Chemist: 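Below you'll find the structure I mean.
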There are 2 protein chains.
Amino acid sequence: MNEKLEKTQDIFLEKISHICSEFGLNNIMAQLYAILYFSNNPLSLDDMCERLKISKGSVSVNIRMLERYGVVRRVWVKGSRRDYYAGEKDISKVIIDRLKSMAQRRISEIDNMLKAVYDEIDSVDPQNGEEKEDARAFKERVDALKNLHHKAQTLVKLFNSGLLNNFLGTGSKIKQKEEVLLSE
Amino acid sequence: MNEKLEKTQDIFLEKISHICSEFGLNNIMAQLYAILYFSNNPLSLDDMCERLKISKGSVSVNIRMLERYGVVRRVWVKGSRRDYYAGEKDISKVIIDRLKSMAQRRISEIDNMLKAVYDEIDSVDPQNGEEKEDARAFKERVDALKNLHHKAQTLVKLFNSGLLNNFLGTGSKIKQKEEVLLSE
DNA sequence: TTTAGCATTTAGAACGTTCTAAACGTTATG
DNA sequence: CATAACGTTTAGAACGTTCTAAATGCTAAA
């Protein structure tokens, strides 16, 4: 690869890994996806080790995570025993999927929490006036949370019904070369 | 405090800290905010150490973080030399503010990244056909990112213009007791 | 059946983060 | 001025995370 282009990509890699780390993707997953996103060809594990200067074990583990997230996929290259991977080229799809699954996860966690709290809350048996007030205040605040959570859930459902996809627009025009490679 | 109520709150604390840790708040900040949110009275550093069984140093550092985020504030209690803190009781305000500042931060980071990449990209000087294609593909994909980022920014602006506040509803009805304490 | 070329798993090293306890600084009070 | 009652800072311990290198497992070809 052109040396200056590689340097330019490195600038990207450095920054994107930092950004993604705050979205629950670690450095390596972010950088792996980035080089696949930029690459015209699917890459093998060894290609990726070489490009990012990291061990094969790391690439192996992290690339499978990305596969589970559905943002890269294994492609077969005729005439090679290696596994090759290609990145999803429709970046808006990747991001929307990720946001959706994060939202869904948060919703479940909060559902579980509220359920657990409500299971306990009734067995609280206040002994005096002050304790009664404490219990009442606690319930009031948990109810406020439940209320807010319900509204947030409605909002998420609205987005999931395609609103976000329509706005951010999906359907990449970027074409892969993998078909060419497959018959190489 | 009523023992059973405390146990119920503990269930909440355990879960909420896990949830918040994925939003860039650590355990302690999450739990500190939670006990202040639930408490009818402002609490001192020592109160919080005692309640969460953690060191004073930790409380000191983390409570000031929360103060910077604007979700707790120091209140003065007449007749005491201690610092007391009260949590913002309008939970939707806290969450909306946090989401907004996260979004704003991501936007700046991506702006910076794109700027840095575009600064470099023109100096790439492809030497042959393959390198030319690589460079073209790279530019195409960075442009796609820029495009998506622009749309996302528009969406965020839409939310910031009050849409989210209207939907999630702001204005808590929960009253603090601090006025009482201040004249104690 | 053996070997070569892979991917995967694992044990341990390196790292960053965040806790605690103790030292420290500051302010009010007697 | 000395002391007590605070909050803050710091040095180091404990912890989880994630990397690497080596061992292992698998599969295809000879």
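No experiment lies behind these values; they were computed from the predicted model shown. Here is the naming used below: chain letters follow the sequence lines, and residue numbers restart at 1 for every chain.
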Chemist: Whole angstroms only, please: what is the CG-P distance between L32(A) and dT18(D)?
Modeler: 14 Å
Chemist: Please write out the pairs of protein N or O atoms and N or O atoms of nucleotides 23-30 of chain D separated by less than 3.5 Å, giving the distance to one decimal.
Modeler:
none

Chemist: For the side chain of R82(A), counting heavy atoms from C-beta on, which of dC6(C), dT9(D), dT8(C) is nearest?
Modeler: dC6(C)
Chemist: Under 3.5 Å, which N/O atoms of the protein pair with N/O atoms of nucleotides 19-22 of chain D?
Modeler:
unit_1: dT20(D); atom_1: OP2; unit_2: S55(A); atom_2: N; d: 2.9
unit_1: dT20(D); atom_1: OP2; unit_2: S55(A); atom_2: OG; d: 3.1

Chemist: Taking only Lys NZ, Arg NE, NH1 and NH2, and the carboxylate oxygens of Asp or Glu, determine whether E88(A) and R73(A) approach each other closer than 4.0 Å.
Modeler: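 Here E88(A) does not pair with R73(A) in a salt bridge, since their nearest N and O are not under 4.0 Å apart.
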Chemist: My understanding is that a hydrophobic cluster links ILVMFWY residues whose side chain heavy atoms are under 4.5 Å apart, including indirect links. Using that, what else belongs to the cluster containing V61(B)?
Modeler: none
Chemist: Checking side chain to side chain contact (heavy atoms under 4.5 Å, CB included) for the pair K146(A)/H149(A): CA distance, chi angles, key distance, verdict?
Modeler: CA-CA 5 Å; K146(A) 194 182 117 190; H149(A) 178 56; 5.5 Å; no
Chemist: Once you round it to whole Å, what is the distance between P of dT17(C) and CG of L25(B)?
Modeler: 16 Å
Chemist: Identify, with sequence neighbours excluded, every residue that meets side-chain hydrogen bond (donor to acceptor under 3.5 Å, both in side chains) alongside N26(A).
Modeler: N62(A)
Chemist: Rounded to the nearest Å, what distance is computed from the CD atom of residue Q31(B) to the C1' atom of nucleotide dT18(C)?
Modeler: 14 Å
Chemist: Considering just the side-chain nitrogens and oxygens of R74(A), establish if one lies under 4.0 Å of OP1 or OP2 belonging to dA7(C).
Modeler: no
Chemist: Output every pair passing ring-ring contact (aromatic ring centres under 6.0 Å, His included) with a member in residues 93-140 of chain B, not counting sequence neighbours, ordered by first then second residue.
Modeler: F38(A)-F138(B)
Chemist: Using atom types as modelled, flag every donor-acceptor pair under 3.5 Å from a side chain in residues 98-105 of chain B to any protein atom, sequence neighbours excluded.
Modeler:
unit_1: R98(B); atom_1: NH2; unit_2: F23(B); atom_2: O; d: 3.2
unit_1: S101(B); atom_1: OG; unit_2: R98(B); atom_2: O; d: 3.3

Chemist: For I63(A) and dA7(C), what is the distance between atoms CD1 and C1' respectively, to the nearest whole Å?
Modeler: 13 Å
Chemist: With sequence neighbours excluded, tell me which residues meet salt bridge (Lys or Arg N to Asp or Glu O under 4.0 Å) with D97(A).
Modeler: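 Applying salt bridge (Lys or Arg N to Asp or Glu O under 4.0 Å) to D97(A) gives K93(A).
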Chemist: Expressed as a whole number of angstroms, how long is the span from R64(B):CZ to dC6(D):C1'?
Modeler: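 One finds 14 Å between C1' of dC6(D) and CZ of R64(B), rounded.
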Chemist: When clusters are formed from ILVMFWY side-chain contacts under 4.5 Å, directly or step by step, what else is grouped with I107(A)?
Modeler: V156(A)
Chemist: Ignoring hydrogens and angles, write down the donor-acceptor pairs under 3.5 Å from the side chains of residues 9-20 of chain B, residues two or more places apart or on other chains.
Modeler:
unit_1: Q9(B); atom_1: OE1; unit_2: R51(B); atom_2: NH2; d: 3.4
unit_1: D10(B); atom_1: OD1; unit_2: R51(B); atom_2: NH1; d: 3.0
unit_1: D10(B); atom_1: OD1; unit_2: R51(B); atom_2: NH2; d: 3.2
unit_1: S17(B); atom_1: OG; unit_2: L13(B); atom_2: O; d: 3.4
unit_1: S17(B); atom_1: OG; unit_2: E14(B); atom_2: O; d: 3.1
unit_1: S17(B); atom_1: OG; unit_2: Q31(B); atom_2: NE2; d: 3.4

Chemist: Could you tell me how far apart M29(B) (CE) and dT18(C) (C1') are, to the nearest whole angstrom?
Modeler: 13 Å
Chemist: Rounded to whole angstroms, how far apart are OH on Y85(A) and C1' on dA7(C)?
Modeler: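 After rounding, the gap between these two atoms is 8 Å.
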Chemist: When the distance from CG of L66(B) to P of dG7(D) is rounded to whole Å, what number comes out?
Modeler: 16 Å
